[in-house]
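Keep in mind that what you see is a predicted model, and the values were worked out from it rather than measured. Along the sequence shown, residues carry numbers from 1.
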Amino acid sequence: MEVTVTAMTEEYIEESVDLFMNTFSKEPWYDVYEPRDQVVTYFRNFYKNNYFVGYVGIVDNKIAALSIGIAKPWINGMEYYIQEFCVDYTQQGKGIGSKFIQSIMEDIKNHDMNAIILNTDKGFPAEAFYRKNGFEKLKDLIILAKQ
């Protein structure tokens, strides 16, 4: 399956929001997004960030995958921190995600970024996907939050 990977531009935001909402409202996440405008604002706020890095994977003239995040400074150079990544629910398991993440890895190297960093839910299908594509758990790293 041919996947065309390109930088996410403003013209892709609305379709990307639809893909995101449709994907994560299904099993195993069952997320609810009410109202839709909140998700549009979320994507637009990322897009307006001066460190924004985003990609879309296009199959048959339709967005089939997306990745949004930031170029994150680190002592060893810049890294691509993925905040959101998904493949169209109806297209999962066809190799699109693996081709997409590989293309992203190649592109970030062309932009002097040396790694992809992300968080994902332990035990969810995404964990197996990322491990299959060469990602590893960082030793001794935990995530903390305060609300």
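- A distance of 6.0 Å or more separates the ring centres of Phe135 and Phe129.
- Counting only heavy atoms from C-beta outward, the side chains of Ile101 and Ile82 approach each other to under 4.5 Å.
- Side-chain contact check for Met78 versus His111: every heavy-atom pair is 4.5 Å or farther apart.
- Using a 4.0 Å cut-off between charged side-chain N and carboxylate O, Asp31 and Lys26 make no salt bridge.
- Other residues, nucleotides and ligands contribute only 12 or fewer heavy atoms inside 6.0 Å of the CD atom of Glu2.
- In this structure, Glu34 places its CD atom where only 12 or fewer heavy-atom neighbours from other residues, nucleotides or ligands lie under 6.0 Å away.
- The shortest side-chain heavy-atom distance between Phe46 and Glu84 does not fall under the 4.5 Å cut-off.
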Donor-acceptor list for residues 113-124 side chains, cut-off 3.5 Å, not counting sequence neighbours:
residue: Asn114; atom: ND2; partner: Asn76; partner atom: O; Å: 2.6
residue: Asn119; atom: ND2; partner: Tyr81; partner atom: OH; Å: 2.8

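- At a threshold of 4.0 Å, the pair Arg44-Glu14 counts as salt-bridged, since one of the basic side-chain nitrogens sits closer than that to a carboxylate oxygen.
- Proximity of Met21 to Arg36: side-chain heavy atoms (C-beta onward) are separated by under 4.5 Å at one or more points.
- Minimum interatomic distance between Val87 and Leu19 (heavy atoms only, all atoms of both residues): C-CD1, 4.4 Å.
- Under the 4.5 Å side-chain contact rule for hydrophobic residues, Tyr33 and Tyr89 do not share a cluster.
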Please report, to 0.1 Å, the donor-acceptor pairs under 3.5 Å made by any side chain of residues 52-75, with sequence neighbours excluded.
residue: Tyr55; atom: OH; partner: Asp107; partner atom: OD2; Å: 2.7
residue: Ser67; atom: OG; partner: Tyr80; partner atom: OH; Å: 2.7

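- Ring centers of Phe20 and Phe43: under 6.0 Å apart, within the cut-off.
- Side-chain contact between Phe85 and Tyr130 is present, with at least one heavy-atom pair separated by less than 4.5 Å.
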